[in-house]
Protein chains: 2
Amino acid sequence: MSKKLGKLSEISEEKIRNFHEYTRLQGLKTTKQRGTILDVFFRMKGHISVEELYDIVKTVNPRIGYATVYRTLHLLVDSGQVEERRFGDGMSRYEGHSEVERHGHMICEECGQILEFFNEELETLQIKLADELEFDIHYHRHELFGSCMDKSSCAKRRKKNPKLK
Amino acid sequence: MSKKLGKLSEISEEKIRNFHEYTRLQGLKTTKQRGTILDVFFRMKGHISVEELYDIVKTVNPRIGYATVYRTLHLLVDSGQVEERRFGDGMSRYEGHSEVERHGHMICEECGQILEFFNEELETLQIKLADELEFDIHYHRHELFGSCMDKSSCAKRRKKNPKLK
DNA sequence: ATTGATAATGAGAATGATTATTATTTAGCG
DNA sequence: CGCTAAATAATAATCATTCTCATTATCAAT
Ligand SMILES: [Mn+2]
Ligand SMILES: [Mn+2]
Ligand SMILES: [Zn+2]
Ligand SMILES: [Zn+2]
């Protein structure tokens, strides 16, 4: 497979197995294209856009179409192995859930870096607030936009372009 | 102005004044179209889509174009008098901030109702978590998706369409 | 009131991410 | 192998939003 892609992690391999179990139960078929897309996706890290994924998939098999990447990503979400994110940059991003299934994101508006956070107290508080309004939470989205001021990547970017808002 | 629109609240009038102050400082001009759009917008309540706003603006002055509504909304956001929201229904929504400037939303996936919440402890916790990662928050987005199970609007919708996921 | 510089508008074209369509290919299974 | 349904690739369509550009309006200076 692609040279610059790392090895599949244990957890990724399990996700792939879960995915196949899901498609089997749904009476869906196994295809080479999906195999390639899964393999590439789970070797990437971070919050991956369709385009980022497609660009690498292309290097493995240039004949795979854009629509198939979209379809496979949707299937991955449906199967519960991957989550869709929208950070407001105009496109969906996907991530195989981290160890912590429910986490929030801090998004640096200056350098684009994304930090993740999780806090038990926060989860509890959310549920309490929902209860008060008789609301049943299916999932949540918690994003903090700002700047990772002291981080080197951000500082570097700032130096290059000091006029950044 | 349009018959079915209410009276401008004190706070809305202040927002309109602030907007004019902003445009003045920016060397921008005052136009009838913006006046109409502001007036309509601030008489509406809730989380308003561009289309919803445009539909009413049309009834006041049918010659106002869609692009002008977009442009005015962007100006309102830039001026800090209005906030943009994206709840995942494929379009932006806008709200003149409520009394509580920073609040979260609970969005019912069954009936579409939107509840707002605010909690001081939550805000404090967020800041603490951001501090730990040396992150400076400009603004945040906190959305809980689920169902407002015991609310009548939701129950009604459910009864009409019991097959709803 | 007139003018001139420039911002604003309106109509429609363009954009860009995503989804739908359709003819063709492929997987799964007896 | 041969059938049937699912999957694919290529491409067209969709749809919210943004852009273009010719025309009009604002406003400060005259
Ligand atoms: Mn994440
Ligand atoms: Mn709100
Ligand atoms: Zn940064
Ligand atoms: Zn509801």
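Protein chains get the first letters and strands the later ones, always in sequence-line order, with residue 1 at the start of each. Fair warning: this is a prediction, and the values are worked out from it, not measured in the lab. Scope of the values below: all heavy atoms of this structure, side chains included, with no hydrogens, waters or symmetry mates.
Residue B/Gln26 places its CD atom among more than 12 non-hydrogen atoms of other residues, nucleotides or ligands, all under 6.0 Å distant. The 12-atom threshold is not exceeded at CD of A/Glu10, counting heavy atoms of other residues, nucleotides or ligands nearer than 6.0 Å.
The hydrophobic cluster containing A/Phe42 also contains A/Met44, counting ILVMFWY residues as joined when their side-chain heavy atoms lie under 4.5 angstrom apart, directly or transitively.
Results of the ring-ring contact (aromatic ring centres under 6.0 Å, His included) test with B/His105 over B/Phe118, B/Phe117, B/Phe87 single out B/Phe87 as the only residue that passes. The residue from B/Glu83, B/Glu84, B/Glu116 that alone fulfils the side chain to side chain donor-acceptor pair (under 3.5 Å) condition with B/His47 is B/Glu116.
Computed from coordinates, the A/Arg85 CZ to C/dA17 C1' distance equals 20 Å when rounded to whole Å. Separating the NE2 atom of B/His20 from the P atom of C/dA7 is a distance of 18 Å, rounded to the nearest angstrom. One atom, CG of B/Asn61, and another, C1' of D/dA25, lie 14 Å apart when rounded to the nearest Å. If you measure from atom CD1 of B/Ile64 to atom P of D/dT24, you get 17 Å, rounded to the nearest angstrom. To the nearest angstrom, P of D/dA28 lies 10 Å from CZ of B/Arg24. In this structure, B/Lys58 places its NZ atom 18 Å from P of C/dT9, rounding to the nearest Å. Taking atom CD of residue A/Gln26 and atom C1' of nucleotide D/dA5, one finds them 15 Å apart after rounding to whole Å. Remark: P of D/dA7 and CG of A/Asp78 are 12 Å apart, rounded to the nearest angstrom.
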Which pairs, protein N/O on one side and nucleotides 16-20 of chain D N/O on the other, fall under 3.5 Å?
unit_1	atom_1	unit_2	atom_2	d
D/dT17	OP1	B/Ser92	N	2.7
D/dT17	OP1	B/Ser92	OG	3.2
D/dT17	OP2	B/Tyr70	OH	2.5
D/dT17	O5'	B/Tyr70	OH	3.1
D/dT18	OP2	B/His74	NE2	3.1

Item checked: Contact pattern, 5' to 3', of nucleotides 23-30 of chain C - B, S or - by protein heavy atom under 4.0 Å -> ----BS--

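Two residues are said to be in side-chain contact when any heavy atoms from C-beta on lie closer than 4.5 Å; A/Arg43 and A/Ile56 fail this criterion.
Distance check, rounded to the nearest 0.5 Å: OH of A/Tyr94 to OG of A/Ser49 gives 10.0 Å.
Checking side-chain atoms of B/Arg34 against main-chain N and O of B/Lys29 turns up a donor-acceptor pair under 3.5 Å.
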Next item on the list: Decide yes or no on salt bridge (Lys or Arg N to Asp or Glu O under 4.0 Å) for B/Asp55 and B/Lys58, but give the supporting numbers first.
Entry: CA-CA 5 Å; B/Asp55 284 347; B/Lys58 258 193 315 195; 3.6 Å; yes

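Close to C/dA8, at under 4.0 Å from its OP1 or OP2, lies a side-chain N or O of B/Arg34.
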